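None of these values were measured; they are calculated from a predicted model.
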Amino acid sequence: MNQPRIPGHHHIPADDAVSRVVEWWSEGRPTGSRCDIVGGHAADEVLHEVHRRTPRSLLLGAAGRTPEEIVTEVLGFVGVPSAAQINTPWRHLRKYFSADTCILLKNAHRAGRTRRSARPLQVRDELAGRLSHPRPGDARRRRCRIRR
């Protein structure tokens, strides 16, 4: 079955995706502050390799986790004391880490404790936006679809 072509979405091999994401990150994210990688197990492999090649990166699995658990791990990674983590509103997350911290979220579509949870949308749409460092006027994000 042919997959629909969506403008702005690229179906590319996993090796190319790794190279493109690492290059995008190291060049200062010229095409947007966020990059979504879609492609099941192949996307996991891409994220693991990007993490291996990117200094100051944090790879987090979102499957079965709440956004609050993910935030706690991110804040711990950047050295925020546990007492301060409890009272940190999401809108202030960016002040705790610099724009050179690459946060990679895998399996965001499986976040939450139940199959019908709203957590995947909350993690993908709200939390990921709060964890990115957009430039003024930058609402763009890049998306790559991985071909097996």
Side-chain angles (χ1 to χ4, degrees), residues 6 8-12 14-15 17-148:
I6 301 169
H9 293 202
H10 308 286
H11 295 266
I12 59 175
D15 292 343
V18 170
S19 298
R20 288 182 186 192
V21 172
V22 169
E23 181 179 316
W24 168 80
W25 181 259
S26 60
E27 290 179 355
R29 294 145 322 271
T31 59
S33 58
R34 224 175 110 185
C35 180
D36 292 349
I37 300 171
V38 181
H41 183 68
D44 287 355
E45 294 170 7
V46 168
L47 289 173
H48 281 279
E49 186 59 22
V50 168
H51 174 58
R52 192 182 70 71
R53 293 186 191 183
T54 307
R56 286 223 22 98
S57 66
L58 173 63
L59 177 62
L60 299 169
R65 298 176 72 192
T66 65
E68 291 78 14
E69 291 169 333
I70 295 167
V71 166
T72 299
E73 190 168 346
V74 169
L75 293 174
F77 175 75
V78 297
V80 175
S82 329
Q85 293 175 11
I86 296 167
N87 298 320
T88 303
W90 287 12
R91 68 183 176 275
H92 298 300
L93 286 176
R94 285 188 211 108
K95 76 178 184 179
Y96 290 104
F97 57 92
S98 66
D100 68 342
T101 303
C102 180
I103 299 173
L104 304 163
L105 293 173
K106 87 178 187 180
N107 296 318
H109 66 288
R110 292 181 28 215
R113 304 267 191 254
T114 64
R115 295 179 77 187
R116 296 180 187 259
S117 175
R119 299 298 192 196
L121 293 175
Q122 192 178 25
V123 167
R124 189 190 69 214
D125 297 340
E126 188 176 343
L127 180 59
R130 299 281 184 190
L131 293 173
S132 63
H133 275 270
R135 291 177 287 286
D138 181 13
R140 300 173 295 167
R141 67 185 200 207
R142 185 173 189 173
R143 176 168 281 199
C144 295
R145 291 194 176 272
I146 311 303
R147 193 174 58 217
R148 287 194 176 249

Determine whether [X] and [Y] make a side-chain contact, defined as any pair of heavy atoms from C-beta on separated by less than 4.5 Å.
X	Y	value
Ile103	Phe77	no
Arg56	Val78	yes
Thr101	Leu58	no

For [X], which residues count as a salt bridge (charged side-chain N to carboxylate O under 4.0 Å, His left out) partner, sequence neighbours excluded?
X	result
Arg110	none
Glu49	Arg52, Arg53
Glu68	none

* Residues forming a side-chain hydrogen bond (donor to acceptor under 3.5 Å, both in side chains) with Thr72, sequence neighbours excluded -> none
* **Closest non-hydrogen atom pair between Ala108 and Ala62, with its separation** => CA-CB, 3.9 Å
* Structure fact -> All heavy atoms of Val123 vs all of Pro67, minimum pair found to be CG2-CG, 3.7 Å
* Structure fact -> Taken in chain and number order and not counting sequence neighbours, the residues that satisfy side-chain contact (heavy atoms from CB on, under 4.5 Å) with Leu47 are Ile37, Leu59, Leu104, Lys106
* Asked: Are the side chain of Ser26 and the backbone of Glu23 linked by a donor-acceptor contact shorter than 3.5 Å?
  -> yes
* To do: For a side chain to side chain contact (heavy atoms under 4.5 Å, CB included) with Leu60, tell me which candidate from His51, Glu73, Glu69 qualifies.
  => Glu73
